[in-house]
Amino acid sequence: MLIEMMKSKIHRVTVTEANLNYIGSITVDQDLLDAANILEGERVYIVNNNNGERFDTYTISGERGSGVVCLNGAAARKVQPGDIVIIMAYAQMTPEEAKEFRPSVIFPDTKTNKLK
């Protein structure tokens, strides 16, 4: 049996852009993706702290050091620039693996979206 466990979390970043006219996804500063152990193209779940929206999409690598967090396509309708979101990724593992596993959780500065 496999269970789903939180693998990675970018806790509280500020949405910098919402681009409706782009093929869906979330563009995230590559520094944040690396620090949280999230790959480009990986499925992520987004929680919007401002309006309670919860949805999933996949990641696109943004420019390193830019602080970009841009919701693209249909997901752009679920956020506004300035909203605070949490980005999470999950992984399937056995219960035995889960007992030893430690997720990657980062807490960027919400004003700059850069690592503290």
What is the minimum heavy-atom distance between [X] and [Y], and which atoms define it?
X: A35; Y: S104; value: O-CB, 4.2 Å
X: A18; Y: C70; value: N-SG, 4.2 Å
X: V47; Y: M88; value: CG2-CE, 3.4 Å
X: S25; Y: T57; value: CA-OG1, 3.0 Å
X: V68; Y: E17; value: CG2-OE2, 3.5 Å
X: I60; Y: L33; value: O-CD1, 4.2 Å

Check whether any side-chain heavy atom of [X] sits under 4.5 Å from a side-chain heavy atom of [Y], and report yes or no.
X: I86; Y: K9; result: yes
X: K99; Y: F101; result: no
X: P108; Y: K116; result: no
X: M6; Y: P103; result: yes

Have [X] and [Y] got a donor and an acceptor in their side chains that come within less than 3.5 Å?
X: S61; Y: Q30; answer: yes
X: D83; Y: T14; answer: no
X: N37; Y: S8; answer: no

Using modelled atom types only, decide if a donor and an acceptor are shared between the side chain of [X] and the backbone of [Y] within a distance under 3.5 Å.
X: N113; Y: V13; result: no
X: N19; Y: N72; result: no
X: E100; Y: E97; result: no
X: N51; Y: V79; result: no
X: N49; Y: V85; result: no
X: T59; Y: I26; result: no

Could you grab the distance from atom CD1 of I3 to atom CE of M93, nearest 0.5 Å is fine?
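The CD1 atom of I3 sits 7.5 Å away from the CE atom of M93.
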Step by step, work out the side chain to side chain contact (heavy atoms under 4.5 Å, CB included) result for K7 and Y90.
CA-CA 5 Å; K7 174 186 85 72; Y90 294 85; 5.7 Å; no
Take F55 and Y45 through the test ring pair (Phe, Tyr, Trp, His ring centres under 6.0 Å) and record every step on the way to the result.
CA-CA 6 Å; F55 55 95; Y45 298 85; 9.8 Å; no
Shared ILVMFWY cluster between L115 and I87, side chains joined below 4.5 angstrom?
yes
For E63, does the CD atom have more than 12 heavy-atom neighbours from other residues, nucleotides or ligands under 6.0 Å away?
no
Counting only heavy atoms not in R77, do more than 12 fall under 6.0 Å of its CZ?
no
Decide, yes or no, whether a salt bridge links D56 with R43 under the criterion of side-chain N to carboxylate O below 4.0 Å.
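Salt bridge present between D56 and R43.
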Can K114 and D29 be counted as an ion pair, charged N to O under 4.0 angstrom?
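Answer for the salt bridge query: no.
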